[in-house]
Amino acid sequence: MNSNPRAITGALLLTLPLLLAACAEQVAPNELSVPPLPPCSAEGSPFAEAEFATYDPSDSSKPPTYRWHEIYESQVKAVVDAHAKMLLGEDDGSGSSARLECTAETYREMFPASGALQGLASRLPGFRERAGQLSEMDIGAVLIEWLRVYECAMKEEATFVAPHVEQEFIKYAVKDATYGNHALEVKRRIAYIENALRSGRALTERLMTLIGGFSRLRPLAAELTCLERASADIRNNLSLLGEASTCLPRALNARGSLRDFDIKEEESEEE
Amino acid sequence: MNHPLARIGLLGILLITGTSAVRAEDSLSSLILESVKEEWTFSEIIKKFAEKAAKSPHELSSDDVEAAIGWQTEKLCGSKAKDGASLGYEDCDRLREALVSTVNREKSIVSLGRELQAIATSYELPIREGQRGEVAVNSAVTGIISVWRVRATDEAATASGLLLRAVSIEKSVSEGKAQSIKSAYDGVGANDAEKEEQQTAMIWRYSAGVRLVRGERPNLPAPKEYAGAPQPERQYLFKRWNNVESPLLDLWNHARGLTFDPPLKKNEIVLLNIKPDGLPDNVQFWGFLEKKPDGELDGDIGLQWKIPLDPVFPSLMKEGDDTKPNLGGTYPPAPVEAGAGSPENPVPQDGRILCSSPLSRRGYLCRPLEQTSSVTCREDPAGEEPDVIMLTACTEKDPKAPPDEWCCLPGDSSADTGTCSVVKREACEDRGGVPVSAQNKCVEAGCKNIEPPKPKVTTVAGPDVCTALKWPGEEPKCKTVKVECGESATRRRAVTALDDITQTGDTVTVVLHKQDFKPYRAVLLHALSHVVQMCGPTNTVYIKDGEEPEDLRDLPGHEQRERTQACCHVEQEAYAAEFEQLEREGKLDGLPAVGGVPVNAKTLAEASADTQCRAILPEGGGCRVSFPEDQSSALSAALQNLGNNGKECDEIAEEAKDDPVIRGMIASATGHADVCSPGKLTTFPPTIGNTMCFIGACAENGAELRRTVPGRVAFGVNDEGFPFDGFLKEAIESASFLTGIPDVKQALPTYHPRQLLWQLDTDLCQKVGLPPQSPTTSCVLAASRRLGLPLPTYSATMEAFSNDAREQAAHLEESTMGGLATGMRIGTELYVDASGRFVRSFSELLRLAHTLLKSLKETPFPTEMCPIGQPS
């Protein structure tokens, strides 16, 4: 087992805002929405719905194309890109810049989850039930769970690769379904799985290193943005108050009159 | 086929199909995905390097490297025997190992470099200049300061007082340049292998700015290349690309020729917004202009990564020749300290390029944060070690050092001779001035105009920030009030004043007469009351210019009566201020009642005013008093018995400079800003600070100019003008939400690396069941322990022996992982500790703002005009 500091760094950096929020006195204790670990299996995950290998119907003797890695990558990309757009204040079509809830009681409520994150969570066995309550700050937990589900599915596939290839040969009526070709396909598939596992983890870790660093500054930046917005509100309110305060000299005038009068006339009278 | 690299080769073939099209997108995930995949499939240059660097008697090809990675021994060595030197299984395996270990090592370097870059990027990107987004700390802070601060002009200024503006360069100009750069970028390198290396180096090179690289920035010489030994691995760090420089220079020339309306001020910075289409993926322009104090236009334009992912790796192949690998080992000579010899290899100056931009120049890396050592600063200032980067430090501030210093600011033109003024230390250079050690050195430095330091205006609650705001059209009658002591020992308290008040131009001088009767502070308050009256917008007088008090006796009766009225108003107020002070000091305690009337500040003020006015205006009828008129002089006489225990005159005059009450009165006299009278139009930049100052000015104007007789300070006199004041109910609960901002103390978190390492060592020893030992290697499992605890069978015991090393390794691995995890958690704790408090001060502020707004919204408007209750 590789002891990779990046995974730990990324995971911790991503959970920092949660810890931060939990430690801040004014924030009610957060309920971390990391569910208990479901069994390590493809069952119930998007991988169970998609076939591992697809064959070319026009020429079944061609080696099949493997789909799971693409499924994994496309989901990671969607979630991360939505997150990055939110971080950089770009509009992802869902009004991301307006997604910051400054009046929220907790940091979790302050950052609602993106559509992509909710979509992915709703397809994960562990998160399905609570996809609606997720915050964008749960991106680390969801991505790690997605990686785990992916790895479990791949390992399961590696365990049952021989009977699966056999079933596929029959199902797709593969030509030259010889024992040798079967062994070759099994070998090819196992090599693919092992490599896909490595690259999947490396991708997730690198992405989390980057996002984690951004997320570290997020609560501070969000507070600043909210302070900026609140400042604008205060300024507008104070402007109204400033307008009203122009009545003070009149209201406090010794004559007790609130009517408009000419200052020069008044002064000359006093003299 | 059990070697990971074999799978990597295959993965390359399997995964790379269909991913090359990703290049066009430069979303974060696509960029990372591409770089991660490239690491697992090896870049062309790594393969080329392995091919050329491997020591083999045989000619190798790129196919051989692929075969070695893919563990295809037959393909690698099958054809090698024909040269005569037969390649046996062992030789072949050695060759394969050499190739594989070379690519693997280079891959590790690339991986590590990208990992470090990713960490740096994740920290730096959110705080990069010009960054705008939700994680954009800089712009948010500037925005907040801009909304809150008190400022007289509408210029956008940053926290440090910098003037900033942004200008876009039209696409019609920039797009052609972008295309030139794109074609230079695409066409770089003599072969495919070195292309990527050069491309990466090119963007990093010009991220410092094209003019800096060319040495065209004043006071910023171009980074010098180390002379002497060749440095093949760093060959691109100093390389210049002319076909990139010329379009960048064209853009610079265009930018510097722009006309600005209004024209640029000195030290103003213009951020150039250049966003054309057609630049290479993940690359963008940056640029700025800066108007120097000498009027010259400085600035720079360059390229930068949108999301920096690749650092400049050590170059693997000699430039222009893909047959010669850079085998390393040629290091440049050590840099020489400045002045110690040849300047060819000077010691690099930290942060010179980093601090070349006018904005980053003010960042904490270029200007370390300093905090005066105090209880909140737990770090030991003396514990500074050499060669250590100090981001923040506590410094012992020299208490004798002046906080501000003289600074000579050159004039706008040759006719203008420049001005010498006292400014904040760090502000002088920022404003383009020359620090001057003393006022008399100003002329030497070229500044003939000398601006005397302005006295700081403070209030009881602290500095008066509103003085920074010059209300339009405001021109106070009195600008300066001086307090002095004069020799006039013969004068005693009588009808005549104890002081002289003279006005010369806009300067008022109060001279307190030195005499035996010593309640100087009270007398000074009396005098200053008259100063406030004089300097106010409406000035009531009873002795006109050119008249002497003695002349008033000869005035006709009706005239005397009118003058008496004015005299009573003016003097009662001044005496009230004086006697209230004496009352506070306890001087009036125990004085017996006169004619049944208690002796207090109010009765004394009335009596004194009455006595004085009667003396100079005998036919005026005197003032309205609370007691029988014949007792008036008796009351005044009571004062003569007051003790002479006051401070000396000079002492009081000196103390007056810091006394908040006296300063407040002087500020009131010199700063009468009639900004809020009916019909008055006042304009100011709409900031929170300015609006609050305006509201304050309105309240002040209302109380000072309208509440009582105009031009008076209300000291309890003229109560009869407002008979219902005592019965007023509290109408608006304003005090409930005007609470102060909480003071959240900041502190540097305490970090004890040595203790943490010790804990890790202890942990390692505990894992093998031993007490903590030093060094930690003493905790290694002793192989002999199995001899004392033999297992049931010989074979099991033997197996246990052979597993010993693995067992030890497992513990070590576990400790390594555990150590990292523990380290991260400790780091997290430190972070939470520091930022928790930091963020909390923001949330407290926000909460306060929220409460304020909510209270404003919920404040009920009174339904009656003046809710008057019963006397209490």
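In what follows, chains are A, B, ... by sequence order, proteins preceding strands, each numbered from 1.
In this structure A:Glu70 satisfies the salt bridge (charged side-chain N to carboxylate O under 4.0 Å, His left out) test together with A:Arg67, sequence neighbours excluded. Applying the salt bridge (charged side-chain N to carboxylate O under 4.0 Å, His left out) rule to A:Glu151 yields the partners A:Arg201; only residues at least two apart in sequence or on another chain are considered.
Between chain B and the options A:Ser239, A:Ser245, A:Ala232, A:Ala244, the largest number of non-hydrogen pairs under 4.5 Å is found for A:Ser245. Your options are A:Leu207, A:Asn236, A:Val80, and the one with the most heavy-atom pairs under 4.5 Å with chain B is A:Leu207.
Using a 4.5 Å heavy-atom threshold, the side chains of A:Glu205 and B:Glu115 count as separate.
Ring geometry for A:Phe52 against A:Tyr192 counts as perpendicular: the plane angle is over 60°, on a 0 to 90° scale with 30° as the lower cut.
Within the 4.5 angstrom heavy-atom criterion, only side-chain atoms of B:Thr691, from C-beta onward, approach chain A.
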